[in-house]
Amino acid sequence: MTDAAPPTSDRRKAIEDLEAQLSRIPRASRPYEHAAVAYRLGLAYAEASLGNPTEGFRRALAYYDVAAGIFDPRFDPAEHARVLNAAGAAHRGLGDPRRAASLFDKAAVLLEGRGRDAERAAALNNLGLSLAELGEHDRAVAACDDALPLFDEDTAEGRRGRVATLHNRGMARAAVGTPEALAAALADYREAAEQVDVAEAPYHFALVHHSIGVTCSALAGLGSNDAGPHGSQRLLHEAVGAFTQALAVFRRSDFPQQHAVAKHNLGLALVALGERDDLRRALVCFEDAAAVFDPRQQGAAWQQAYASLQRVEEQLGQHYPGTSRSQHFVTLVASSDEREAVTLLRDRLTRLLELPEGIAQGVFIDLALAVTGLGYDRARSVTARMLDVLMELPNERLAFVLGAILDAHRRLAPEAEEEARAVLDQAVADALVGPQRIWVRDYLYSRGFERP
């Protein structure tokens, strides 16, 4: 995982310490020390995000101006270029890519031939990003081309920089939108994927694989011939695999926004594949995405996810009229292999347990009722897998779900309730051993459960 950001209080304290340090260093008599601290203070404000990013970038620029005014490009070209690069990032953060591109370009020119390859590569990569945002895709690709040979692949930082630049070049190419441009972008992303180490650069790994998924889906949507080098079905399967790898890093707890976007895009690729179970998998993806997006703050994204959810639900309804989302979910779990079933259940149960208790109770009752409709063997298998996942959670959460299952059973007709009790009893025997089995049986007995 990426390192956690320092607490806001720590970032604020760092800024206060730097401001105090700057005030003690006279500009007239110690100009280079003053400039160095001003530059560091600018970085601190740019990275702090203390409630108002715009204000942070503006304050950062004020300090960068101080540093740039002292570091003379004629005598201190590397230091001046470093400040220009940072100022460009701030202008880009403020939504001014044209000003940013100008500063990145000047920084790259100043650094050329001065033995500062890593810094020049960073400036060129940033230049490529800004030019792409301006729609100048050819110039963006050229900037990335110039940057790539400069990265030191013997260092982790250099490898991350190279992967990021390959990804950025791919985005600039993909923005053109033609099949040829998309194919060139996909080649960049695949090269980046071969070079990125998930342990060394998890965020880059996820971003690259997500872009592979998006580009494969786009190429498939252009109607590539199945027998050709970019067959639609093969591309869609590659997209599904790429999105799945991205989601291994973009977990809901760590990267909720990226998780929801990747889930929605995975759902779209699965819909395009069109098999019944793929449609059910897409339904799960769209449900998960819609649950993460906040309709008040991310209204457009939520509406898109919800519209996708409704469309695939209608498609499934043509084959399985009257089937609920919970019934589709448990049917998918029952037909999946062990690994996929556990992943589906883990994601679904942990998300539902974060709902307010009153809502979660009703949702788990609905889920338990859906399981009872699977028939004895499949219901037993799904219940056993559910218990496997629940045993990873604190006892109070396990007890909450077991209580909801028992409440669901009481809503059944006598014969159906007897079968549901038999399913639960056998699932406990199948999934649990020793103290776990004893604890669960004791809890069930305390809630009035009678073994069949």
Side-chain angles (χ1 to χ4, degrees), residues 252-253 277 280-281 283-284 287-288 291 323-452:
R252 184 172 56 89
S253 57
D277 276 351
R280 289 191 172 108
R281 292 183 179 97
L283 184 70
V284 171
E287 282 187 278
D288 290 345
T323 303
S324 70
R325 295 176 193 170
S326 291
Q327 289 170 324
H328 283 303
F329 176 78
V330 298
T331 300
L332 176 61
V333 172
S335 63
S336 300
D337 60 32
E338 184 72 21
R339 182 175 180 179
E340 182 182 16
V342 169
T343 299
L344 287 165
L345 286 166
R346 183 179 291 117
D347 289 349
R348 180 57 55 97
L349 297 181
T350 53
R351 178 170 67 78
L352 296 183
L353 282 165
E354 294 173 4
L355 295 170
E357 186 172 315
I359 297 175
Q361 175 79 6
V363 172
F364 275 110
I365 288 174
D366 183 60
L367 188 64
L369 289 172
V371 172
T372 64
L374 292 171
Y376 180 87
D377 288 334
R378 296 209 300 167
R380 177 184 55 78
S381 173
V382 171
T383 305
R385 288 168 168 175
M386 188 182 299
L387 288 170
D388 280 337
V389 172
L390 290 170
M391 294 311 299
E392 303 170 2
L393 304 176
N395 284 348
E396 60 270 18
R397 295 197 166 191
L398 168 61
F400 179 82
V401 178
L402 290 172
I405 291 172
L406 294 178
D407 288 342
H409 291 176
R410 296 186 185 103
R411 301 185 180 198
L412 299 169
E415 287 186 8
E417 181 183 6
E418 184 176 355
E419 180 173 294
R421 286 191 289 111
V423 164
L424 179 57
D425 185 65
Q426 187 59 49
V428 170
D430 291 344
L432 308 178
V433 295
Q436 290 181 334
R437 184 187 297 174
I438 293 170
W439 189 95
V440 169
R441 289 203 187 282
D442 286 346
Y443 176 79
L444 293 173
Y445 296 150
S446 74
R447 290 291 307 270
F449 177 79
E450 296 181 5
R451 296 186 69 181

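We count residues from 1, following the sequence as given.
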(request) Using a strict 4.0 Å threshold on nitrogen-to-oxygen distance, state whether R280 and D277 make a salt bridge. (result) yes
(message) Quick test of your reading of the model: are E287 and R351 salt-bridged, counting only N-O distances below 4.0 Å?
(response) no
Taking all heavy atoms of [X] and all of [Y], pick out the closest pair and write down the distance.
| X | Y | answer |
| --- | --- | --- |
| A384 | A427 | N-CB, 3.7 Å |
| F329 | L344 | CZ-O, 3.7 Å |
| Q436 | M391 | CG-CE, 3.5 Å |
| S336 | A341 | CB-N, 3.9 Å |
| V389 | R346 | CG1-CA, 3.7 Å |
| A422 | P452 | CA-CG, 3.5 Å |

Test item: [X] and [Y] side chains (from C-beta on) under 4.5 Å apart, heavy atoms:
| X | Y | value |
| --- | --- | --- |
| T372 | E419 | no |
| R325 | D366 | no |
| M386 | V371 | yes |
| D288 | R252 | no |
| L345 | L390 | no |

[Y] backbone acceptor or donor facing [X] side chain under 3.5 Å:
| X | Y | result |
| --- | --- | --- |
| R421 | E450 | yes |
| R437 | L432 | yes |
| R380 | D430 | no |

[atom2] on [Y] to [atom1] on [X], rounded to 0.5 Å:
| X | Y | atom1 | atom2 | answer |
| --- | --- | --- | --- | --- |
| R441 | L402 | CZ | CG | 11.5 Å |
| D425 | L444 | CG | CG | 8.5 Å |
| S335 | L374 | OG | CG | 9.5 Å |
| L349 | L393 | CG | CG | 7.5 Å |
| D377 | S381 | CG | OG | 9.0 Å |
| T383 | R378 | OG1 | CZ | 12.0 Å |

(message) Can you tell me which residue among I405, V428, V440, L406 is in a side chain to side chain contact (heavy atoms under 4.5 Å, CB included) with F449?
(response) L406
(message) When you compare the side chains of Y443 and R447, does any donor N or O come within less than 3.5 Å of an acceptor on the partner?
(response) yes
Above 12 or not: heavy atoms from other molecules or residues under 6.0 Å from [atom1] of [X]?
| X | atom1 | value |
| --- | --- | --- |
| R410 | CZ | yes |
| E392 | CD | yes |
| E415 | CD | no |

(message) Checking D388 against R385 for the salt bridge (charged side-chain N to carboxylate O under 4.0 Å, His left out) test, could you report, in this order, the C-alpha distance in whole Å, the side-chain angles of both residues, the deciding distance, and whether it holds?
(response) CA-CA 5 Å; D388 280 337; R385 288 168 168 175; over 6 Å; no
